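Along the sequence shown, residues carry numbers from 1. The shown structure was predicted, so the numbers you read here are calculated from the model rather than taken from an experiment.
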Amino acid sequence: MNKIDYLRISLIDKCNFRCQYCMPEDQELSYLLSSEILTKSELLTLIKKVFIPLGFTKFRLTGGEPLLRPDLPQIVTEIINLPQTEDVALTTNGYLLQEKSHLLFNAGLRRINISLDSLNPQTFDKIIGNKNKTRWHKTWTGIQTAYEVGFNPLKLNVVIIPDVNDHEILELAALTIQRNWHVRFIEFMPIGNSQLFSEKAWIPSSEIRTQIKAKWGLEESNIKGNGPADVFKIPHSKGTLGFISQMSECFCDRCNRIRLSADGWLRPCLLNETGQIDLKTALRQGMKSEKMREKVAELLLLKPDINFKERDSGTQNNNYMRTMSQIGG
């Protein structure tokens with residue numbers, strides 16, 4: 001097991017299944033930003049007094065959709081300015097990047113991952129469940145804006161789903177040829193959608209690599225990221241291709257991260273809900289930082305190697321309480 005030093009922080013838990021783009025109305029957003037989630041001050045207290053003393057130096061801000069938080073630039077700046085911080089990154093669906101790329105870049109952020117599962121507007125809208133309102137063009141414009149602002153390289157996360165967007169593999173891979181973009185093909189992991197575990201709802205990374213290699217060739221890249229991706233590149237391309245194979249090639253032994261939900265629950269891994277710690281309640285009830293550190297340290301020692309074939313051991317009654325997008329991916 002790797003040293004656990006990477007904390008994924010969900011800033012707003014929102015959405016179900018692949019519907020990442022259902023932007024809440026003002027009233028609903030006010031609820032999402034209510035006392036149910038950690039405030040900026042609470043989050044920074046946990047980072048400074050609990051996680052950093054335990055050796056955490058890398059942080060990813062995610063969701064739901066983190067760009068919905070009005071205080072996101074301030075959160076980014078404060079985490080980056082901590083002397084122990086080695087890396088801060090953000091994962092977004094990209095819908096609000098056109099308006100917020102400059103703010104994030106000026107706040108000090110330099111690494112950003114954007115979910116983009118299709119280059120076809122109709123397929124894209126089908127995947128995200130757009131409620132009769134297209135989201136593709138604004139998302140694509142946001143991606144272009146982020147790149148122009150200075151997020152270079154840019155990383156795109158692609159989940160390939162059989163009979164939905166699998167015909168776009170080569171088109172998506174081609175984005176890396178002329179641009180310094182890193183495309184990451186991620187095997188679909190149906191957390192919270194248990195009926196899909198019994199079906200082959202994902203395409204193995206090996207099959208995707210085979211398609212790309214047959215078209216252009218494929219070589220190993222000397223670029224290594226902070227995550228579990230196996231990184232390759234099309235010969236002479238500017239960008240890279242990564243493959244995250246949590247379904248076909250379990251990488252639990254390489255996992256170096258745990259997840260903090262927007263409402264303060266610390267989760268040891270995507271497939272384990274049984275060992276969670278409610279840090280928000282502990283903090284608001286006045287638990288001392290030393291005691292919270294002890295609880296988190298115990299959780300790190302117990303962090304199990306649960307892959308999807310053993311998923312039931314990480315649930316209560318074999319049912320997950322939260323979907324992938326609610327956990328923060």
Enquirer: With Glu219, which residues qualify under salt bridge (charged side-chain N to carboxylate O under 4.0 Å, His left out), at least two apart?
Expert: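 Counting only residues at least two positions away or on another chain, Glu219 forms no salt bridge (charged side-chain N to carboxylate O under 4.0 Å, His left out).
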Enquirer: I'd like to know if Asp125 and Arg135 make a salt bridge, using a cut-off of under 4.0 Å between side-chain N and carboxylate O.
Expert: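 Answer for the salt bridge query: no.
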Enquirer: Hey, are the side chains of His137 and Pro121 touching, using non-hydrogen atoms and a 4.5 Å cut-off?
Expert: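 In contact.
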Enquirer: So that I can tick it off, tell me whether Lys40 and Glu78 are bridged by a salt bridge, with the cut-off set at under 4.0 angstrom between side-chain N and carboxylate O.
Expert: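 Salt bridge between Glu78 and Lys40, a charged N being under 4.0 Å from a carboxylate O: yes.
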Enquirer: Output the distance between atom CG (Asn113) and atom CZ (Arg111), rounded to the nearest 0.5 Å.
Expert: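 Between Asn113 CG and Arg111 CZ, I get 6.5 Å after rounding to 0.5 Å.
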Enquirer: Cut-off 3.5 Å, side chains only: do Thr240 and Arg184 have a donor facing an acceptor?
Expert: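 Looking only at side-chain atoms, Arg184 and Thr240 do form a donor-acceptor pair, the distance falling under 3.5 Å.
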Enquirer: For a quick test of your reading: what N or O donor-acceptor pairs under 3.5 Å do the side chains of residues 161-176 make, sequence neighbours left out?
Expert:
residue : atom : partner : partner atom : Å
Asn165  : OD1  : Ile161  : N            : 2.7
Asn165  : ND2  : Asp117  : O            : 2.7
Asn165  : ND2  : Val159  : O            : 2.9
Asp166  : OD1  : Asp163  : N            : 3.1
Asp166  : OD2  : Asp163  : N            : 3.4
Glu168  : OE1  : Ser118  : OG           : 3.2
Glu168  : OE1  : Leu119  : N            : 2.8
Glu168  : OE2  : Ser118  : OG           : 2.5
Thr176  : OG1  : Ala173  : O            : 2.8

Enquirer: What's the shortest heavy-atom distance between Ala107 and Ile80, and which atoms?
Expert: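 So the two residues come closest at O-CD1, 4.1 Å.
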Enquirer: Quick one: are Val158 and Ile186 in side-chain contact, heavy atoms under 4.5 Å?
Expert: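 No - every pair of side-chain heavy atoms lies 4.5 Å or more apart.
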Enquirer: Working to the nearest 0.5 Å, report the span between CG of Leu260 and OG1 of Thr62.
Expert: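 These two atoms lie 11.5 Å from each other.
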Enquirer: Main chain of Leu67, side chain of Lys100: is a donor-acceptor contact present, judged purely on distance under 3.5 Å?
Expert: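 It does hold such a pair.
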Enquirer: Answer yes or no: is there a side-chain heavy-atom contact under 4.5 Å between Asn157 and Leu116?
Expert: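 Asn157 vs Leu116: side chains apart.
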Enquirer: Quick one, Phe232 with Lys213, criterion side chain to side chain contact (heavy atoms under 4.5 Å, CB included). Give me CA distance, side-chain angles, the key distance, then yes/no.
Expert: CA-CA 10 Å; Phe232 297 81; Lys213 186 174 183 179; over 6 Å; no
Enquirer: With side chain to side chain contact (heavy atoms under 4.5 Å, CB included) as the test, would you mind laying out the steps for Ile114 and Asn93 before giving the verdict?
Expert: CA-CA 5 Å; Ile114 305 166; Asn93 62 34; over 6 Å; no
Enquirer: Let's go through Phe124 and Thr139 carefully: what are the C-alpha distance in whole Å and the side-chain angles of both, what is the deciding distance for side chain to side chain contact (heavy atoms under 4.5 Å, CB included) to 0.1 Å, and is it a yes or a no?
Expert: CA-CA 10 Å; Phe124 182 86; Thr139 301; 3.8 Å; yes
Enquirer: For residues Pro66 and Gly63, report the shortest heavy-atom separation together with the two atoms involved.
Expert: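 Nearest heavy atoms, Pro66 then Gly63: CD-N, 3.9 Å.
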Enquirer: Can you name the side chain to side chain donor-acceptor pair (under 3.5 Å) partners of Gln211, sequence neighbours left out?
Expert: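 Testing Gln211 for side chain to side chain donor-acceptor pair (under 3.5 Å), a comparison that skips the adjacent residues, returns none.
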Enquirer: State, yes or no, whether a side-chain contact exists between Gln98 and Gln144 at a heavy-atom distance under 4.5 Å.
Expert: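 Gln98 vs Gln144: side chains apart.
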Enquirer: Residues in ring-ring contact (aromatic ring centres under 6.0 Å, His included) with Phe59, at least two apart?
Expert: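 If we apply the ring-ring contact (aromatic ring centres under 6.0 Å, His included) test to Phe59, skipping adjacent residues, there are no hits.
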Enquirer: With the 4.5 Å side-chain cut-off for hydrophobic clustering, are Leu103 and Tyr95 part of the same group?
Expert: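 Leu103 and Tyr95: separate clusters.
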Enquirer: In Å and rounded to the nearest 0.5 Å, what is the CE to OG1 distance from Met292 to Thr45?
Expert: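 Output value for this atom pair is 8.0 Å.
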Enquirer: Hey, do the aromatic rings of Tyr147 and Trp181 have their centres closer than 6.0 Å?
Expert: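 Ring centroids of Tyr147 and Trp181 are less than 6.0 Å from each other.
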Enquirer: Could you state the interatomic distance from NE2 (His236) to CD (Gln178), rounded to the nearest 0.5 Å?
Expert: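 Going from NE2 on His236 over to CD on Gln178, the span is 12.5 Å.
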Enquirer: Between Glu187 (side chain) and Ser205 (backbone), is there a donor-acceptor pair under 3.5 Å?
Expert: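 Answer holds: yes.
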Enquirer: Which heavy atom of Asn120 sits nearest to which heavy atom of Gln122, and what is that distance?
Expert: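 Smallest heavy-atom distance, with atoms named: OD1-N, 2.9 Å.
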Enquirer: Please tell me if the side chains of Leu11 and Leu43 come closer than 4.5 Å, counting only heavy atoms from C-beta onward.
Expert: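 In short, these two side chains touch, coming nearer than 4.5 Å.
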Enquirer: Any side-chain donor paired with an acceptor under 3.5 Å for Ser261 and Arg267?
Expert: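 Short answer, no.
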Enquirer: Could you tell me whether the side chain of Thr85 and the main chain of Ile79 form a donor-acceptor pair under 3.5 Å?
Expert: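 Yes; judged by distance alone, with no hydrogens or angles, the pair exists.
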Enquirer: Please give me the minimum heavy-atom distance between Ser206 and Thr210, naming the atom from each residue.
Expert: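 Looking at all heavy atoms of both residues, the closest pair is O-OG1, 2.8 Å.
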Enquirer: Distance to the ring centre below 6.0 angstrom and angle to the axis at most 45 degrees; does that hold for Arg209 and Phe243?
Expert: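 Geometry flag: set, cation within 6.0 Å and 45°.
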Enquirer: Would you mind checking if Asp71 and Arg69 are paired as a salt bridge, meaning a charged N to carboxylate O distance below 4.0 Å?
Expert: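 Here Arg69 pairs with Asp71 in a salt bridge, since their nearest N and O are under 4.0 Å apart.
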Enquirer: Just so I know, are the side chains of Thr145 and Leu97 near enough to count as touching, which here means a heavy-atom distance under 4.5 Å?
Expert: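 Answer no - side chains too far apart.
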Enquirer: At what distance, to the nearest 0.5 angstrom, does CG of Leu38 lie from CG of Leu279?
Expert: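 It comes to 8.0 Å.
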Enquirer: Show your working on side chain to side chain contact (heavy atoms under 4.5 Å, CB included) between Tyr6 and Asp87 and close with a plain yes or no.
Expert: CA-CA 9 Å; Tyr6 202 129; Asp87 182 68; 4.0 Å; yes
Enquirer: Report yes or no: does Thr141 contribute a side-chain atom to a donor-acceptor pair with the main-chain N or O of Lys138 at less than 3.5 Å?
Expert: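 Looks like no, no N/O pair under 3.5 Å.
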Enquirer: Who passes salt bridge (charged side-chain N to carboxylate O under 4.0 Å, His left out) against Lys238, sequence neighbours left out?
Expert: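 For Lys238 there are no salt bridge (charged side-chain N to carboxylate O under 4.0 Å, His left out) partners, ignoring immediate neighbours.
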Enquirer: Is any side-chain heavy atom of Thr77 less than 4.5 Å from a side-chain heavy atom of Leu109?
Expert: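 Side-chain contact under 4.5 Å: no.
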Enquirer: Measure across Leu154 and Ala146 and return the closest heavy-atom pair with its distance rounded to 0.1 Å.
Expert: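 It is CD1-CB, 4.1 Å.
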Enquirer: Closest approach of Gly217 and Pro235, non-hydrogen atoms and distance?
Expert: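 Closest pair (atom of Gly217, atom of Pro235, distance): O-CD, 3.4 Å.
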Enquirer: Say you draw a straight line from CD of Glu65 to OG of Ser10; how long is it, rounded to the nearest 0.5 Å?
Expert: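 Result: 10.0 Å between the selected atoms.
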Enquirer: Between Lys233 (side chain) and Ile177 (backbone), is there a donor-acceptor pair under 3.5 Å?
Expert: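 Judged by distance alone, no pair lies under 3.5 Å.
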Enquirer: Below 4.0 angstrom, N of the basic side chain to O of the carboxylate: do Asp263 and Lys280 qualify?
Expert: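 No, Asp263 and Lys280 are not salt-bridged.
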Enquirer: Quick one, Ile277 and Trp265 - any side-chain contact, counting heavy atoms below 4.5 Å?
Expert: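 No, every pair of side-chain atoms sits at 4.5 Å or beyond.
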Enquirer: For residues 48-57, tabulate all N or O donor-acceptor pairs below 3.5 Å that involve a side-chain atom, not counting sequence neighbours.
Expert:
residue : atom : partner : partner atom : Å
Thr57   : OG1  : Glu86   : OE1          : 3.4

